[in-house]
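First the structure, in the form of structure tokens, and then the observations on it.
Because the structure is predicted, anything quoted here is derived from the model rather than measured. In each ligand, atom 1 is the first atom listed, and ligand 1 is the first ligand listed.
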Amino acid sequence: MDFSGIDISIPSVCFFQDNDKLSFKEINNILKGKSGIVDFFEKEDDFKQIRETLMNSQSIVAESQVEYGDYQTNQQLTQLVCNYLSNKNINPQILIEPTCGKGNFILSAIQTFKNLEQVWGIEIQEKYLWQLKFSLLEYYLKNPQANKPEIHLYHYDVFNFDFQKIKEQISGKELLVIGNPPWVTNTTLSSLNSKNLPEKSNFKQAKGIDAITGKGNFDIGEFIALKMLDLFSKENGHFAFLIKNSVIKNIVFEQKRNNYPIADFEKHTINAQKEFGAAVDASLFVCKFNSTPEFTAKEYNFYTSQKRTVLGWVNNKFASDIEKYKKYQHLDGVCPFEWRQGIKHDCAKVMELERIDGGFRNQLGEEFELEEDLIYGILKSSDLKAESIDTPRKYTIVTQKKIGENTEKVLSKLPKTKEYLQKHKEYFSQRKSSIYNGKPMFSIFGIGDYSFKPYKVAISGLYKQTKFTLVKPSDTVLLLDDTCYFIGFDNLEDAQTVQNELNNSEMQEFIQSFMFTDAKRAITKDLLMRIYLKTAIVPERYSWNLFG
Ligand SMILES: C[S@@+](CC[C@H](N)C(=O)[O-])C[C@H]1O[C@@H](n2cnc3c(N)ncnc32)[C@H](O)[C@@H]1O
């Protein structure tokens, strides 16, 4: 172990310097008496090494690591959280911090909860456990009379940790599972080739295309939160985790299926930028174990206690603002049309084109001529700001009219387009997504009859705004890229009628009552398919696009 990076305080250094003659066994006994920590040194080698280091003691700052989703909670915040819980009369005897880091939650809990008998902390980065051990030692050297629970600290991977040994100790005692689990997703970890993943890495059970396109993406923090609820929700006690708002939404959403015996859900929003320097929406999520299952969470501002909304289940429907939702519930249903996602090609450098005098320019800066046959104007999320649009900034080559179609035949009649695509074929073969595996060369996705309808009502999946844009044809029918959703129409009047219905104030309020603005993608196909459109459009005319 490299101890050179641990921040060890002066009183702790002095303690070791004063006791430099003690043996490994003796020092562990004294340290247990002073600090409550069982086996402060697990290995004699560590003891020898650290004693040596401390004779020339230095300090370090720990590095934050993407792989470990490492955002240590500052002690001011951990203290506020513990004070809040204590004011709610939460007074645990047993505390579990499953990914304790430097242990500020443990330090604050020890100072706040006077009934604590046992503390269990687990952490994968060894340097943090040393940091915590010395912080605890310092605290108890300064406060010898303070309550001294037995403290068990494990340098371990939480995904493989055997929590059974803790469960055996609980036997009816008041438990608090507290912490701030890693802020990183399985997708990021996979891209880093990291092994810091649970074995069941597809625990969302996303299948086929959903697994490929991101529905199997999850936060490691969500996995750990659910693991804790799985293990401990039947015990007496509470759960208090700082987690991303998207994770809280998922916990409440999945509660319908999980039916954990948990209740009194509270979501206290924090300023993650201020507390962690992280541009995410996060909150303190609190709930009570061993209760009749509940399915809604009350939202507050953590700093002012101001009440906000209530999110969760209303019968079989999920809402972000239940009060508002109940006013517009009659608009909830199944959309008669199928919302479609736009074209996916994953080859912007070659496929995103600008029209220039007499030809086109690609993102590589190359200028060339192409036949017009496969050229279509294409809109991106950022183009969908106005009420209507009929002029594209970009063009693309539509190599297929439906998914999987052979591309050779059409290209054989278009020599310039064929030559251009062939010249850049390595850009296509380097596409990472496995959806392209085994498909014809230059394949695209998100394409079908619906793509070529002249009028469309569209919305961006990237932004939070809920107004819908009318898309009209220009020199070509306009297509949308895969960040947008749309319904296609044959005539302007029908498209306008649907756009008006979607943009009226009642519908807008309804959409906002069940959309989650802090999600990475606030507008999704699932959300759009919940909008029941009552506008009278002759359904037979649209049988090609009717849903269900
Ligand atoms: C967001 S930080 C929070 C640390 C601490 N809970 C706090 O509130 O300050 C997440 C912690 O999880 C630890 N961690 C990441 N992966 C882990 C794993 N597989 N097992 C145990 N700890 C892990 C990181 O090293 C980091 O200390």
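By the ring-ring contact (aromatic ring centres under 6.0 Å, His included) test, W120 is found to be paired with H152, residues two or more places apart in sequence or in another chain being considered. Residues passing the side chain to side chain donor-acceptor pair (under 3.5 Å) test with Q341, sequence neighbours excluded: none. Taking Y139 as the reference, nothing meets the ring-ring contact (aromatic ring centres under 6.0 Å, His included) condition, with sequence neighbours excluded.
Between F318 and F516, the angle of the ring planes stays under 30°, which puts this pair in the parallel group of the 30/60° scheme. The aromatic rings of F223 and F159 stand perpendicular to each other, their planes meeting at an angle above 60°, with 30° marking the opposite boundary.
Judged purely by atom type and a 3.5 angstrom limit, N147 uses its side chain to pair as donor or acceptor with the backbone of L116.
Using a 4.0 Å heavy-atom criterion, the residues that approach ligand 1 are Y68, G69, D70, Y71, Q72, T73, E97, T99, C100, G101, F105, E123, I124, Q125, Y128, Y156, D157, V158, F159, N180, P181, P182, W183, N196.
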